[in-house]
Amino acid sequence: MTERTFSIIKPDATRRNLTGKVNAVIEDAGLRIVAQRRIRMSDTQAKKFYEVHAARPFYGELVEFMTSAPVVVQVLEGDNAVARYREVMGATNPADAAAGTIRKLYAESVGENSVHGSDSAENAALEIAQFFTEADIVG
Ligand code: CMP
């Protein structure tokens, strides 16, 4: 089933000039980057994006990190894209991530973990809509 997911290449990765290397892992996994934009996330955007984590102790740190340098927001398309991208990213904590995953290859810590990917098709649609319009997505 062809599906879309939402991805963010996070500040720790853009700072280290890893956008192309992360995109290579995504594309080698059979996912297509059908929309992509490099932005500086505003405080308001980051707070809204991570609203579900607002009660967590790391929320403030997470918002501060996500606004600390540019990010690359993306729409990925492919067969079972949500689950496939979660496999490709690896576990949230890079110490637990499998070999060959983006987080095993590049992430620095559980907070600075290089990439975000949607956890469900429903959230993917909401997350995509926060950053893209249908006209931005060219499949
Ligand atoms: P992400 O998939 O973007 O969704 C929520 C983020 O919170 C997660 O990736 C991590 O970057 C971050 N996160 C999760 N646990 C912690 C933690 N213990 N400390 C700091 N950040 C965390």
Side-chain angles (χ1 to χ4, degrees):
M1 181 204 24
T2 299
E3 183 176 73
R4 285 176 182 168
T5 193
F6 179 72
S7 161
I8 305 176
I9 302 179
K10 295 186 181 184
D12 66 285
T14 64
R15 259 194 212 110
R16 287 175 290 149
N17 240 8
L18 293 171
T19 300
K21 288 201 166 86
V22 171
N23 279 350
V25 179
I26 291 170
E27 293 188 329
D28 287 349
L31 292 165
R32 306 184 73 80
I33 302 164
V34 294
Q36 174 169 258
R37 187 186 306 124
R38 183 174 166 102
I39 60 167
R40 186 71 185 253
M41 212 182 259
S42 71
D43 189 65
T44 306
Q45 279 176 315
K47 282 181 172 152
K48 179 174 179 217
F49 186 76
Y50 282 119
E51 216 164 30
V52 293
H53 297 303
R56 304 281 192 99
F58 57 80
Y59 181 64
E61 187 188 315
L62 178 59
V63 168
E64 198 174 311
F65 168 60
M66 291 301 288
T67 57
S68 67
V71 300
V72 179
V73 289
Q74 304 175 307
V75 180
L76 310 182
E77 197 171 84
D79 216 36
N80 292 311
V82 171
R84 181 79 187 112
Y85 191 43
R86 291 183 76 77
E87 277 173 19
V88 170
M89 287 192 298
T92 304
N93 186 342
D96 303 328
T101 61
I102 294 169
R103 285 167 172 160
K104 183 66 174 185
L105 286 165
Y106 302 122
E108 305 195 293
S109 65
V110 68
E112 309 211 351
N113 64 355
S114 302
V115 282
H116 164 84
S118 308
D119 63 5
S120 67
E122 190 187 11
N123 282 336
L126 293 171
E127 291 175 0
I128 289 168
Q130 191 184 336
F131 294 96
F132 294 101
T133 66
E134 225 17 72
D136 297 324
I137 304 168
V138 183

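Each ligand, and each atom within it, is numbered from 1 in the order the structure gives. On a predicted model such as this, the values are computed, not experimentally measured, just so you know.
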Residues that Gln130 engages under side chain to side chain donor-acceptor pair (under 3.5 Å), provided they are two or more places apart: none

side-chain contact (heavy atoms from CB on, under 4.5 Å) evaluation trace for Asn93 with Asn113: CA-CA 7 Å; Asn93 186 342; Asn113 64 355; over 6 Å; no

Just distance, no hydrogens or angles: give the donor-acceptor pairs under 3.5 Å from side chains in residues 46-60, sequence neighbours left out.
{"from": "Lys47", "atom 1": "NZ", "to": "Asp43", "atom 2": "OD2", "distance (Å)": "2.8"}
{"from": "Tyr59", "atom 1": "OH", "to": "Lys47", "atom 2": "O", "distance (Å)": "3.0"}

Ligand 1: protein residues within heavy-atom distance under 4.0 Å: Lys10, Tyr50, His53, Phe58, Glu61, Leu62, Arg103, Val110, Gly111, Asn113, His116

Between Thr5 and Arg84, a side-chain donor and acceptor under 3.5 Å: no

Ionic contact status for Asp96 with Arg103, cut-off 4.0 Å: no

Would you mind writing out the side-chain donor-acceptor pairs for residues 69-82 within the sub-3.5 Å range, not counting sequence neighbours?
{"from": "Gln74", "atom 1": "OE1", "to": "Ser7", "atom 2": "OG", "distance (Å)": "2.8"}
{"from": "Gln74", "atom 1": "NE2", "to": "Asn23", "atom 2": "OD1", "distance (Å)": "2.7"}
{"from": "Gln74", "atom 1": "NE2", "to": "Gln36", "atom 2": "OE1", "distance (Å)": "2.8"}
{"from": "Glu77", "atom 1": "OE2", "to": "Arg4", "atom 2": "NE", "distance (Å)": "3.1"}
{"from": "Asp79", "atom 1": "OD1", "to": "Met1", "atom 2": "N", "distance (Å)": "2.8"}

